[in-house]
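All residue numbers refer to positions in the sequence shown, counting from 1. Whatever order the structure lists them in is the order used to number ligands and atoms, beginning at 1. This structure is a prediction, so every number in the text was calculated from the model and none was measured.
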Amino acid sequence: MTEPQPQPGTRAVTAGRSVNGTSLAPALWATTTWESEGLADANRRATATRAACFYSRYANPTVRAFEEAVAELEDAEDALAFASGMGAIASTVLALCSAGDHVVAHRQMYAGTLAFLQGPCARLGIETTLVDAREPGAFTAAVRPGRTMLVLAETPSNPRLDLVDLAEVASLRGPITVVDSTLATPLAQQPLSHGVHLALHSATKGIAGHNDATLGVIAGERDLVGAIWAYAVLHGATPSPTDALNGLRGIRTLAVRTAHQFDSALHLAESLADHPAVAASIHPGSPSHPQFDLAKRQMRAGGTLVALELHGGRDAAAAFLDSLRLARVATSLGGPETLVCHPASSTHASLTPAEAREAGVTEGLLRISVGLEDPADVLRDVLRALDAVAASLPG
Ligand SMILES: *Cc1c(COP(=O)(O)O)cnc(C)c1O
């Protein structure tokens, strides 16, 4: 009889240890270069794919341990880490696409990804079609046979937590399919298990989880990851071994941190829904989410964010931020501290008014990243701020 696969929380503890020897904590390989034994050995290392112990931009043992751990959590053959989530996105797109190629993505996305596709990629002759992620069949209709090289989807998506149907993305024939799974973390969702080619994360967020590492990572089949490495080693968005060490330390506690945050976020979203200052309280784990059935099909939990739409637009959002005492006004997500941001004026400030409307980035929208504080304290803080907003609303 074969043993059942260990649960994800167990794998988060056991994964990524093959380069440790017998030490429980990974070693920090700060070196940039390694000695070779002579010409033949140096040549072998210089020409191999991802040779260990040659030069740190090619591979680094601490980074490798982090990559192994992510690969294991995503049930992938291999993974490749980058200096940031944007480093992962830029390197992957430029590794796979050339002038004249076509990309399909969607409007509800991290604004940096949109800006990259619409700025540098367009300038280089890589054309992007943006679809509405929530519309069934939208990706399928936008794919141009023979021309679409890449489909890039983000789910749950920034900042309104819309979902993309992973089964639809996986069913597309021809393009390489990439899913930015940052907002789910590998604990809530495994894109590869649906048949998508690559899972991508800004590990700066939940994976590293302590606001002390800037990191990106992709996971998928070894040949595809290796092909992207061959470009990425020239692109140079290489992660620092210190950040990889912090990323791996984050993975050790990922399951318990996210379990707390998933529950606290859902509790918060459901407790705010009926407040007079709230127009919509959005969390994929709540039955009131318009794509709740899809969330149940493809996610183990609804994630650590709440999207909160206030009555009263930007003034209400400003009054809300001014009234918080525990939660902090900051971008980023997935860390120990509850953070609130106003996407229209910060993360998504680069969008034109029309783009903002299409992406659902309204003036009254707030994104709350629920931290590790006691859920009752987070709820009390948010309710106090909402009461202040309600008191300031006309009528
Ligand atoms: C933050 C984020 C990114 C970019 O990651 P960085 O590490 O900041 O470069 C990409 N996608 C999503 C969904 C993100 O939240």
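With respect to atom 12 (C) of ligand 1, the closest heavy atom belonging to the protein is Asp180 OD2, 3.4 Å. For atom 5 (O) of ligand 1, the closest non-hydrogen atom on the protein side is Ser202 OG, 3.0 Å. Protein heavy atom at the shortest distance from atom 6 (P) of ligand 1 is Gly85 N, 3.3 Å. When only non-hydrogen protein atoms are considered, atom 8 (O) of ligand 1 lies nearest to Tyr110 OH, 3.9 Å.
Atoms of ligand 1 found under 4.0 Å from any heavy atom of Asn158 (numbered from 1 in listed order, with element): 13 (C), 15 (O). Atoms of ligand 1 lying under 4.0 Å from at least one heavy atom of Glu154, given by number and element, are 13 (C). For ligand 1, the atoms sitting less than 4.0 Å from at least one non-hydrogen atom of Ser84 are 7 (O), 9 (O), numbered in the order shown with element in parentheses. For ligand 1 and Thr182, the ligand atoms under 4.0 Å from any heavy atom of the residue are 12 (C), 13 (C), 15 (O).
Summarising the geometry of Leu386 relative to Ala277, their closest heavy-atom pair is O-CB, 3.7 Å, with the distance given to 0.1 Å. Closest heavy-atom contact between Val104 and Ala142: CG2-O, 3.7 Å. Nearest heavy atoms, Leu166 versus Pro191: CD1-CA, 4.2 Å. Nearest approach of Glu373 to His260, heavy atoms of both residues: O-NE2, 3.0 Å.
By the 4.5 Å heavy-atom criterion applied to side chains, Cys97 and Val103 are counted as neighbours. The shortest side-chain heavy-atom distance between Thr148 and Leu172 does not fall under the 4.5 Å cut-off.
Taking distance alone, with nitrogen or oxygen atoms compared against 3.5 Å, Met86 approaches ligand 1 more closely than that limit. Inclusion of Thr204 in the set of residues having an N or O under 3.5 Å from an N or O of ligand 1 is warranted. Residue Lys205 has at least one N or O atom closer than 3.5 Å to an N or O atom of ligand 1. Residue contacts with ligand 1: Ile89 is placed with no nitrogen or oxygen under 3.5 Å of a nitrogen or oxygen of the ligand (distance criterion only).
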Let me have the donor-acceptor pairs involving side chains of residues 230-238, under 3.5 Å, with sequence neighbours excluded, atom names and distances please.
from, atom 1, to, atom 2, distance (Å)
Tyr231, OH, His235, ND1, 2.7

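Results of the side-chain hydrogen bond (donor to acceptor under 3.5 Å, both in side chains) test with Arg367 over Thr347, Thr331, Asn158 single out Asn158 as the only residue that passes.
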